[in-house]
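Only one structure is covered here, and it is reproduced in the block below.
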Number of protein chains: 2
Amino acid sequence: MPRLTDARKELRRTQIAEAAMRCFSRSGLERTSIADITAESGLSPGSIYTHYRSKAELVQAAARRALSERAAVIDEWVASDAPPDPDELLARLVASKDPAAARVAVQTWGEATTDPAIRAIVVDMIERTRAMLRDCVTAWLVKVEHEKPAAARERAKPIAERVSALYLAQLLAAGLQSPTEETI
Amino acid sequence: MPRLTDARKELRRTQIAEAAMRCFSRSGLERTSIADITAESGLSPGSIYTHYRSKAELVQAAARRALSERAAVIDEWVASDAPPDPDELLARLVASKDPAAARVAVQTWGEATTDPAIRAIVVDMIERTRAMLRDCVTAWLVKVEHEKPAAARERAKPIAERVSALYLAQLLAAGLQSPTEETI
DNA sequence: GTCTATACGAAGATAGAC
DNA sequence: GTCTATCTTCGTATAGAC
């Protein structure tokens, strides 16, 4: 396995995916053409199609990116000595959101209603986030509220579900914000 | 003003809009073509374009329909002698939702992130629903909990906001349900 | 691997007969 | 008002040179 070549390939894939994300957040999943992405990335159609089989694959990559962005952050909170309480948890989630990513996230929800591949990604990402939130709430109950781990994990479930729901609603609100209002 | 002719025109518009809704819920806002809508409605492209200026207008009509469906129901609850408490309110909202309409609603959210006309409709509909929910919670506080109207209206605000958020999350969950799972 | 040029198909919208 | 037939544009994807 040629390591350096693979790294280079991955770099190009990332470059293309990031350009695509900017286009999607600006014009939407379906309204951005390959031509838009070539313009944004500075590459050519030929190059893009050597790294991604189809536009659908690019959309899937964007869906994963838009939805997984905050995964690493939550893991840190779980491991910390003083995990946030539910209200603080929600507040932090909301504060850490990037408007462009929020728009793409909401777009992927719409796409997921009719595209099975995107639906699988979206459902998986939402469930994984909910699981991490449950871990975080459990950690708070154990470390701060001094509950027993087993009981804490049970009690954490409905709380995490509510935090997840409120967070998704906030994500929608962020995605509906018009791009021109963003800098206010 | 020819009354009968106008009624007939409105009937055709409704017929087309309903066919479009079925197509949208099945294939998504962008993936359904005018040809799909002609097939579903039994009409021809020419006929459709005499009733709607463009496909965009059809999408806007669908957005309004998908989002306003439950407006009338809430109004009834507000006027009733025993308005539902917040938990019951949410449960009723969730129970009254139609899977196809939920899918189109989620699709319109995605579209709203980049299309100003759709965004205006979506934001307006969400705000109006929130206002109705506030009225409903206020009515409950006054009629069942016997609070004073002015204080009730204040207290109702944050409660209605939470019900609204949880409802939107449920709507998303419903929209993500795959159509084949619906009848289970 | 990356480019330019292009083939191919699809979709929105219209023209004109009835 | 509604139909059939079609015009035009645009977008995905590929071919082939470098």
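Order of the sequence lines fixes the chain letters, A, B, ..., with proteins taken first and strands second; residue numbering starts at 1 for each chain.
- Distance CG/B:Leu133 to CD1/B:Ile126: 11.5 Å, rounded to 0.5 Å.
- Other residues, nucleotides and ligands place more than 12 heavy atoms under 6.0 Å from the CZ atom of B:Arg31.
- Side-chain atoms of A:Ile34 lie closest to D:dT12 of the nucleotides D:dT12, D:dC3, C:dT2.
- The stretch residues 10-29 of chain B does not touch DNA chain C, since none of its heavy atoms comes less than 4.0 Å from the strand.
- Here the nucleotide nearest the side chain of B:Ser33, chosen from C:dA13, D:dA13, C:dA11, is C:dA11.
- In this structure, B:Thr32 reaches the sugar-phosphate backbone alone: every heavy-atom distance under 4.0 Å involves primed, P, OP1 or OP2 atoms, never a base.
- Under a cutoff of 6.0 Å and an axis angle of 45°, A:Arg13 and A:Tyr52 form a cation-pi pair.
- In the set D:dT2, D:dT14, C:dG1, the nucleotide with an atom closest to the side chain of B:Arg8 is D:dT2.
- Atom NZ in B:Lys9 sits about 10 Å away from atom C1' in D:dG1, given to the nearest Å.
- Defined by atom type and a distance below 3.5 Å, a donor-acceptor pair is missing between the side-chain atoms of B:Thr138 and B:Asp135.
- For A:Pro45, whose side chain is taken as the heavy atoms from C-beta onward, the closest listed nucleotide among C:dT14, D:dC3, D:dT14 is D:dT14.
- Following rounding to the nearest Å, A:Leu58 (CG) and D:dG11 (C1') show an atom-to-atom distance of 14 Å.
- Per the geometry, OH belonging to B:Tyr49 stands 17 Å off P belonging to D:dC7, to the nearest Å.
- Whole-Å rounding puts the A:Asp36 CG to D:dG11 P distance at 7 Å.
- Following rounding to the nearest Å, A:Leu43 (CG) and C:dT4 (C1') show an atom-to-atom distance of 14 Å.
- Taking CG from B:Leu67 and OG1 from B:Thr108, the interatomic distance works out to 4.5 Å, rounded to the nearest 0.5 Å.
- For the atom pair OG1 (B:Thr129) and CG (B:Asp124), the distance works out to 9.0 Å, reported to the nearest 0.5 Å.
- Taking atom CZ of residue A:Arg53 and atom P of nucleotide D:dT14, one finds them 11 Å apart after rounding to whole Å.
- Comparing A:Arg31 and A:Gly46 by the nucleotide of DNA chain D whose heavy atom lies nearest to each, the residue mapping closer to the 5' end is A:Arg31.
- Between the CD atom of A:Glu57 and the P atom of D:dT12 there is a distance of 15 Å, rounded to whole Å.
- Taking the side chain of B:His51 as heavy atoms from C-beta on, and the options D:dT2, C:dG12, C:dT2, the nearest nucleotide is D:dT2.
- Considering only the side chain of B:Lys55, C:dA13 comes nearest among D:dA13, C:dG1, C:dA13.
- In this structure the side chain of A:Val104 reaches within 4.5 angstrom of the side chain of A:Met21, judged on heavy atoms.
- Taking every side-chain heavy atom of A:Ser44 into account, C:dT2 is the closest of C:dT2, D:dG1, C:dA13.
- As rounded to whole Å, 14 Å separates atom C1' of D:dC10 from atom CD of B:Glu30.
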